[in-house]
Structure formats: structure tokens, C-alpha cells
Amino acid sequence: MALGLRCFRLAYPAFCNSVAALSRSVSDITLKTVNRRQNGYRQYIAYPALPVRHFATKKAKAKGKGQSQTRVNINTALVEDIINLEEVDEEMKSVMETLKDNFNKTLNIRTSPGSLDNITVVTADGKLALNQIGQISMKSPQLILVNMTSFPECTAAAIKAIRESGMNLNPEVEGTLIRVPIPKVTREHREMLVKLAKQSTNKAKDSLRKIRTNAMNKLKKSKDKVSEDTIRLIEKQISQMADDTVTELDRHLTVKTKELLG
């Protein structure tokens, strides 16, 4: 009985310290020294406090959601020896301008001569715009003419290109003169144009991804010369630029869709 009581007295401080450690943060953990006398001798016993990991609560996680991430704004001149961010930005902007130009010239409710200008025709000399090999004019509100007198050998290729342009056009040929009846504006025609607008937007996003990937690959080549923090900061800037451009692409698609559906 006396031996059991003595063991309990020796173990009791360790038990108390362990319980206390459970309520402390990791930063408060230390080795606890107990100073006591036993049989006339001074004893020092060290008990390590138990580490406790504090997990975020559901409430704390929910609070973090929806908060906008910190934006990066790097001075391009300071990193121009690593990567030309202005050049990357111009490439991304060119994707946007190409899409806007495509929307304005080819995706209109009313087909106009200008809509046919940039239709690509595959010829023996390579790919050429239709307006480079034919004279395009408006015969009437319902008919567009394409005169192929200057390049009669390209007439068949031009007809094929117009038919496959996705603009719902069915050209007819009279010698070297191509007649292009303008389709009536129906609900189906409007929906088809919206589909073409989405396809053009997806192609623009593909081009944007290639620009981003090329920029990231170029940045990786400098990892041995630049600190990891600098590399991560530039990567974040490039991703931010790409995300901003995607947002603009989607905004233009939304506006064009409303315009086409009426």
C-alpha cells in the first residue's frame, strides 16, 4: 500500500503536466521541470509537454472563402532581364483584338461584303484571303457578288471556302462570278452564329494558354539565376494577366451573344 502511494505521488506531476499541455498551443510547449524532495534527496524530473495540432474550424474555413487574392503588380523594368512581361502582355492583348475583329467582321446578323473579306481560301500559292483574289460587292440587300476574273483558277477553291465558312452561305457560280445569296435572319441562324462565337472564343483561349505556357517555360530557364520567391511572384503575375484576359474574352462573348440573339 505504501509502495503504491509512493508511485502515485511520483507519477502525479507528470499526469498534471500532460493534461495542461493539451490546452496549450504548440508555441507554449517546453520541458517542465519538477523540483521535489524524496527521502531527503532533491530530485529534478523533466516531463515533455505533448504537442497539440490546432485545426481550422469549419467556420474559419468558410470565412476565408470568397475573399479576393492579393493582386501582383510587378515593375516590368525590374525583371526585363528575366522575362519581357510587356511582350507577354502584348501577345495576350493581340488574342483579344483578334477575337473582337472576328466578331465584328464575320459574326453579324446581316451578312455584308465585309463579312466575306477574310474568308481563307486554300490556293496553289498558299492560303489567301478571299478579298485578295476576288472583287466582292453588294448586288442587292439579298445578294453578294464575288468576281473571280483576276484569278479564275481559284474559283472552285473560293466557292468551297465560302460554303465551309460557317456563315450558312450557299454560293452559286456563273463562270467566274460567284453569287452569294444572303440567308434570312431566322432563330436557327442566330443560334448558329452564337455557336460560332463560342467556338471562336474557345480558340482564343487555346491561343492564350499557349502564350502563358511559353512564358512559364521561359521563366523556368532562369530558376538557377533568380530566387524562388522572385520566380513565384513573376509566375503569379503571368497567371494574373492570363486570367484577366480570359475574363475579357468571356465578357465580349456575353455581349456578342446578347447582340446575336436579339
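Side chains are part of it too, since the values below use all heavy atoms of this structure and drop only hydrogens, waters and symmetry mates. Values in this document were obtained by computation on a predicted structure and should not be read as measured data.
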Asks: Could you list all the side-chain hydrogen bond (donor to acceptor under 3.5 Å, both in side chains) pairs where at least one residue sits in residues 215-226, not counting sequence neighbours?
Replies: none

Asks: Compare every heavy atom of Ala215 with every heavy atom of Ile238, then report the nearest pair and how far apart it is.
Replies: CD1-CB, 3.9 Å

Asks: If you look at every heavy atom in Leu253 and Thr201, which pair is closest and at what distance?
Replies: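 So the minimum-distance heavy-atom pair works out to CD1-OG1, 3.6 Å.
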
Asks: Taking side chain as C-beta onward, heavy atoms only, is Leu169 less than 4.5 Å from Ile182?
Replies: no

Asks: Stepwise, does the salt bridge (charged side-chain N to carboxylate O under 4.0 Å, His left out) test hold for Lys203 with Asp206?
Replies: CA-CA 5 Å; Lys203 287 181 181 179; Asp206 288 339; over 6 Å; no

Asks: Would you call Arg212 and Met241 a side-chain contact if the rule is heavy atoms closer than 4.5 Å?
Replies: no

Asks: Could you tell me if the side chain of Ile144 sits less than 4.5 Å from the side chain of Ile136, heavy atoms only?
Replies: yes

Asks: Sorted by first residue and then second, give each side-chain hydrogen bond (donor to acceptor under 3.5 Å, both in side chains) pair with at least one member in residues 143-154; sequence neighbours left out.
Replies: Asn147-Thr149

Asks: Below 4.5 Å, heavy atoms only, C-beta onward: do Gln240 and Gln237 meet side chain to side chain?
Replies: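 They are in contact (side-chain heavy atoms under 4.5 Å apart), so the answer is yes.
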
Asks: So, Asn214 side chain and Lys210 main chain: donor-acceptor pair closer than 3.5 Å or not?
Replies: yes

Asks: With the threshold set at 4.0 Å, does a side-chain nitrogen-carboxylate oxygen contact exist between Lys198 and Asp250?
Replies: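 Result for this pair is no, no salt bridge flagged.
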
Asks: Would you call Pro171 and Arg179 a side-chain contact if the rule is heavy atoms closer than 4.5 Å?
Replies: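 When only atoms from C-beta onward are counted, Arg179 and Pro171 do not touch, as no gap falls below 4.5 Å.
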
Asks: Tell me whether Ile83 shares a hydrophobic cluster with Leu233, the cluster being built from Ile, Leu, Val, Met, Phe, Trp, Tyr side chains joined at under 4.5 Å.
Replies: yes

Asks: Do Arg251 and Thr247 have side-chain heavy atoms sitting under 4.5 Å apart?
Replies: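 Not in contact.
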
Asks: Can you tell if the side chain of Lys127 reaches within under 4.5 Å of the side chain of Thr123, non-hydrogen atoms only?
Replies: no

Asks: Would you mind telling me which of Asn102, Leu196, Leu99, Leu107 makes a side chain to side chain contact (heavy atoms under 4.5 Å, CB included) with Lys256?
Replies: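 The residue from Asn102, Leu196, Leu99, Leu107 that satisfies side chain to side chain contact (heavy atoms under 4.5 Å, CB included) with Lys256 turns out to be Leu107.
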
Asks: At their closest point, which heavy atom of Ala158 faces which heavy atom of Ile178, and how far apart are they?
Replies: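 In terms of heavy atoms, the two residues are closest at CB-CD1, 3.9 Å.
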
Asks: Using links of under 4.5 Å between side-chain heavy atoms of ILVMFWY residues, direct or through other members, which residues join Leu145 in one cluster?
Replies: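 Its cluster partners, ordered by chain and number, are Leu143, Leu177.
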
